[in-house]
Amino acid sequence: MISLFLEFKAQATSILKDAIQEIGLEIEDSELYFETSSHADLASRTAFKLASLYKQNPKELATRIVSAIKIPDSSYVGEVSASGPYINFHASRHYLNRTVAAVLEEKEKFGCGAPKNKILLEHTSANPNGPLHVGHIRNSIIGDTLARILRRAGYDVEVQYYVNDMGRQIAVVSWACERFELDLSKKSDSAIANVYIKANAELDKNPDYVKEIDAIMEKVETGDVSTIDSFDKAVSLAISGIKETLLRLNVAHDSFVNESSFLKSGAVHNVVEKVKATGRTKTDKGALVVDLSDYGFEKTLVIQRSNGTSLYTTRDLAYHEWKAGQADRIIDVLGADHKLISGQLKATLNAIGVKEPEIVIFEFVSLPEGSMSTRRGQFISADELFDRVTESALEQVDARRPETSYEFKKQVAEMVGIGAVRYDIVRVSPEKSTVFNWKEALDFEKQGAPYIQYSHARACSILEKAKEEVAWESSTEIEPSFLVEDTEIDLIKKMAMFDNIIDIGARELKPHVLAIYARELADAFNQFYRFVPVIAAEDEKVRAARLALVDCARIVLANSLDTLGIAAPESM
RNA sequence: GGGCUCGUGGCUUAGCCAGGAUAUAGCGCUGGGCUUCUAACCCAGACGCCGGGGGUUCAAAUCCCUUCGGGCCCGCCA
């Protein structure tokens, strides 16, 4: 709740506005054009804007503004200077001291924002027709990291998995379970995938079977008990396996919501009636379609089949109508294949006066041989990735820490392996499509999660040693003003930036900014570690201050890792 | 065919929406650093017509047009 960089920026804003007013000019807050830069802690390009507004020279304006600047006592802003047309703000000693104190005071709460309203976030929601594959977990990791960022930003976040327990693909699964034997010696989701793949091959060979699927679909829609039971059985087998995978990935959902519940409750029927009431619907070859041409969609949207059954879209409309009543903001994390349909969904919701969701789209992960498909059995399961990556991590731990127990190595390998997977996926912007590559996935040499985790472990190790050698205690009173080395100041400034990163991530729904930040924070800590002796510091007060700084780094690294959903080992 | 999106050193990638100070970082490569708090580390160096071509602007990786290449979508599937 203690703002540092955000407060620094707020103070810089007010100081700059006053100075601009002082020289008789005026500008909007949004035209102060602040940016972080290597030249200053915060730089403003506003002189460019003022120059064009008032037809004056930007350099001269910057100089005049700077000379009119008045910095209040105990401000986070220390010094302001003009560099050509740029106005550079430098943080004060007070800001640095306050940062150290804030981290020590707030500990795991450091970086948290003030309490905000409720968000309902849906992610993963993969069809229960097989295990999660490496494409699905991009959804899970983006979604889970966003949820963690939003929580730290202060939102009350509920995370849901929308279970498709009655679509056509589940009818195929159910049909497949009758026809083929489930191999339950395997993980249940994998067993489901096997019969699902076989069934699809059968359906491709013999199109007559399609009628059987249609019949099953009609039965479930009319509430046939044995058909519903058969669906439920298949779905729960798949979902229990998926839950296991998500648990290992450190991804948690607050609730699993069944699609069928909206049919049973009559919500699907009601939402169709609401859409009809807008006068946008018509019948096209027996099917009920919605005209969304005024929203820019050329083609109509089908919301009811000619046989009267509902579609995924129809049930999704009902789901979103329900969600809109549960929270202030609705966020869905969806694959790029949903771009069009989610636009149509939003338009339809808008037409019936229901709050629209914010959609976060991520692009596909494909294989070198082409796109992944559960139906064709062409995918790499998340389980296989986790197994191989943790196995590879185990070899690393074994090589680096041969003296430790097998239990320890196994634990570290799990933290490092899963962390590496999460980091590798979250560090890339969601809008980039990627090709899965085993060599890269198993590479621990690059600066990824293990690098950040190692920095955390290193901080822990220094503090452990300090307890033994100099009887250090975390409660020791310290004087942060002794932290004057470049690497110390850089590290403090980087820690102070945490609230800003959480704010940006939450505002723009971009989890990758946090991934980059965590790596930069680790960089700053490692540089400090390399250049500045801590335990060996000669002056006792300097040593105490540096130990406190190590403790701060440990806390902010741990908080960053926690927000990324990555374990923070104390030793590795 | 139409729509959306991505294209930044050999490879991966930040910055683009809100245009401005030498274009970010990693891997790989070259060279250096462990009798000192964990070397999964640190330091230095080479490598870029920011896909191509036009335009707008005092200023373009960023905005506009066009073109090429990759991905996704255009189902009474989800």
Side-chain angles (χ1 to χ4, degrees), chain A residues 30-31 33 35 37-40 43 45 47-49 51-52 58 83-86 88 125-127 129 164 167-170 172 214 259 284-289 296-299 302-313 315-316 335-341 343 361 363-364 366 371 375 393 396-397 399-401 416 424 427-429 431-435 437 440 443-455 457-466 469-470 508 512-513 515-516 519-520 522-523 525-527 529-537 546-547 550 571-572:
Chain A
S30 63
E31 289 172 334
Y33 295 132
E35 62 185 8
S37 121
S38 54
H39 305 274
R45 305 189 316 261
F48 285 112
K49 182 69 192 176
S52 72
S83 170
Y86 295 89
N88 289 335
S125 304
N127 283 332
N129 54 10
N164 168 8
R168 186 169 202 92
Q169 288 161 40
I170 306 312
V172 173
D214 289 343
E259 216 178 298
D284 184 358
K285 292 173 202 144
L288 189 67
V289 301
F297 297 101
E298 276 182 46
K299 295 195 178 174
V302 182
I303 57 168
Q304 202 170 61
R305 294 191 182 96
S306 48
N307 67 5
T309 56
S310 64
L311 289 98
Y312 161 82
T313 314
R315 286 159 338 235
D316 212 20
D337 53 338
H338 282 69
K339 235 181 263 184
L340 177 63
I341 190 68
I361 294 284
E363 289 288 337
F364 271 43
S366 58
S371 59
R375 194 175 65 81
Q396 293 288 326
V397 186
R400 293 164 199 267
R401 299 294 299 277
V416 166
D424 264 356
R427 63 177 248 274
V428 181
S429 307
E431 64 264 23
K432 300 246 186 194
S433 51
T434 62
V435 178
N437 174 325
E440 259 173 51
D443 179 15
F444 293 107
E445 292 309 308
K446 56 182 185 242
Q447 272 189 2
Y451 173 78
I452 303 160
Q453 291 172 313
Y454 188 77
S455 306
R458 169 177 276 159
C460 291
S461 161
I462 293 171
L463 296 175
E464 270 313 301
K465 195 149 225 163
E469 294 188 3
V470 297
E508 301 184 6
H512 77 280
V513 297
I516 292 162
R519 202 212 62 233
E520 288 174 352
D523 272 342
F525 176 67
N526 284 327
Q527 281 160 28
Y529 164 83
R530 183 56 58 193
F531 285 107
V532 181
V534 178
I535 295 174
R546 286 180 184 168
L547 279 164
V550 172
S571 172
M572 64 185 267

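Every heavy atom of this structure was used, including side-chain atoms; hydrogens, water molecules and symmetry mates were not. So you know, we letter chains A, B, ... as the sequences are listed, proteins then strands, and number each from 1.
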Side chain of A:Tyr529 only, heavy atoms from C-beta on: which candidate in B:A40, B:C27, B:A39 is closest? B:A39

Stacking check A:Phe364 vs B:G71 (5.5 Å / 30 deg): no

Side chain A:Asn526 and base B:A40 donor-acceptor under 3.5 Å: no

Remember a base hit wins even if backbone is also touched, and classify A:Ile535 as base, sugar-phosphate or nothing at under 4.0 Å, heavy atoms. base

Whole-Å C1' distance, B:A60 and B:G54: 13 Å

CD1 of A:Ile361 versus C1' of B:G3: gap in Å, rounded? 14 Å

To the nearest Å, give me how far apart CD (A:Glu363) and C1' (B:G7) are. 13 Å

Rounding to an integer number of angstrom, what distance separates B:G19 and B:A59 when you compare their P atoms? 15 Å

Mind checking A:Val470 for me? I need base, sugar-phosphate or nothing, with any heavy atom below 4.0 Å counting as a touch. nothing

Would you mind classifying the nucleic acid contact of A:Tyr33 as base, sugar-phosphate or nothing, using non-hydrogen atoms under 4.0 angstrom? sugar-phosphate

Side-chain H-bond candidate by donor/acceptor type, A:Tyr454 with A:Asn526, under 3.5 Å: no

Remember a base hit wins even if backbone is also touched, and classify A:Tyr451 as base, sugar-phosphate or nothing at under 4.0 Å, heavy atoms. sugar-phosphate

Gap between atoms CG and P, on A:Asp424 and B:G26 respectively (whole Å): 15 Å

Whole-Å distance between B:C76 P and A:Asn307 CG? 13 Å

Could you state the NZ-P distance from A:Lys339 to B:G71, rounded to the nearest angstrom? 14 Å

So, for A:Tyr451 and A:Phe444, is the gap between ring centers shorter than 6.0 Å? no

Both distances below 3.5 Å, Watson-Crick or wobble geometry, any strand: find the nucleotide opposite B:G7. B:C68

Please work out if A:Asp523 contacts a base, only the sugar-phosphate, or nothing of the nucleic acid, heavy-atom cut-off 4.0 Å. sugar-phosphate

Under 3.5 Å donor-acceptor pair, A:Ser306 side-chain atoms to B:C76 base atoms: yes

Nucleotide forming a Watson-Crick or wobble pair with B:G1, both distances under 3.5 Å: B:C74

With sugar-phosphate meaning primed atoms plus P, OP1 and OP2, does A:Glu431 contact a base, only sugar-phosphate, or nothing at under 4.0 Å between heavy atoms? sugar-phosphate

With sugar-phosphate meaning primed atoms plus P, OP1 and OP2, does A:Arg168 contact a base, only sugar-phosphate, or nothing at under 4.0 Å between heavy atoms? sugar-phosphate

Whether the side chain of A:His39 and the base of B:U22 hold a donor-acceptor pair under 3.5 Å is what I'd like checked. yes

Would you mind classifying the nucleic acid contact of A:Ala457 as base, sugar-phosphate or nothing, using non-hydrogen atoms under 4.0 angstrom? base

Closest to the A:Ser433 side chain, choosing from B:A21, B:G71, B:C76: B:G71

Straight-line distance of A:Ser310 OG to A:Glu259 CD, nearest 0.5 Å: 7.5 Å

Please state the C1' separation for the pair B:C16 and B:U8 - nearest whole angstrom. 11 Å

Among side-chain atoms of A:Asn164 and A:Arg315, is any donor-acceptor pair under 3.5 angstrom? no

NA contact type, A:Gln527, heavy-atom cut-off 4.0 Å: base, sugar-phosphate, or nothing? sugar-phosphate

Separation of atom CD in A:Glu440 from atom C1' in B:C27, rounded to whole Å: 8 Å

Which whole number of Å gives the distance between the C1' atom of B:G32 and that of B:A46? 15 Å

Which nucleotide, B:A21, B:G20, B:C4, lies nearest any side-chain atom of A:Arg45? B:G20

So what does A:Ser455 hit on the nucleic acid, given a heavy-atom distance under 4.0 Å: a base, only sugar-phosphate, or nothing? nothing

Could you tell me whether A:Val550 contacts a base, only the sugar-phosphate backbone, or nothing, with contacts defined as non-hydrogen atoms closer than 4.0 Å? nothing

Centre of A:Phe525's six-membered ring, under 6.0 Å away, within 45 degrees of the axis: is that where NZ or CZ of A:Arg458 sits? no

Atom CD of A:Glu363 and atom NZ of A:Lys432: how far apart are they, to the nearest 0.5 Å? 11.0 Å

Of the nucleotides B:U38, B:C72, B:G20, which one has an atom closest to the side chain of A:Arg458? B:U38

Taking a pair to mean Watson-Crick or G-U wobble geometry with both distances below 3.5 Å, B:C34 pairs with none

Which value, in whole Å, describes the distance between the C1' atoms of nucleotides B:G51 and B:G70? 11 Å

Given B:U13, B:U38, B:G71, which nucleotide is nearest the side-chain atoms of A:Arg401? B:U38

Exceeds 12 heavy-atom contacts within 6.0 angstrom, atom CD of A:Glu298: no

Of the listed nucleotides (B:G20, B:C27, B:C76), which one gets closest to any side-chain atom of A:Lys285? B:C76

Round to a whole Å and report the spacing from NZ of A:Lys299 to P of B:G3. 13 Å

Taking A:Met572's backbone N and O only, do any of them form a donor-acceptor pair with A:Arg401's side chain (distance below 3.5 Å, no angle check)? yes

Contact class for A:Thr313 vs. all strands (heavy atom < 4.0 Å): base, sugar-phosphate, or nothing? nothing

A:Val534 near the nucleic acid: base, sugar-phosphate alone, or nothing, with a heavy-atom cut-off under 4.0 Å? base

When only distance counts, do a donor and an acceptor, one from the side chain of A:Gln396 and one from the base of B:A39, lie under 3.5 Å apart? no

Go ahead and name the base partner of B:G45; Watson-Crick or wobble counts if both distances stay under 3.5 Å, otherwise write none. B:C29

Hey, does A:Arg375 reach any base, or is it just sugar-phosphate, or nothing, if we go heavy atoms under 4.0 Å? nothing

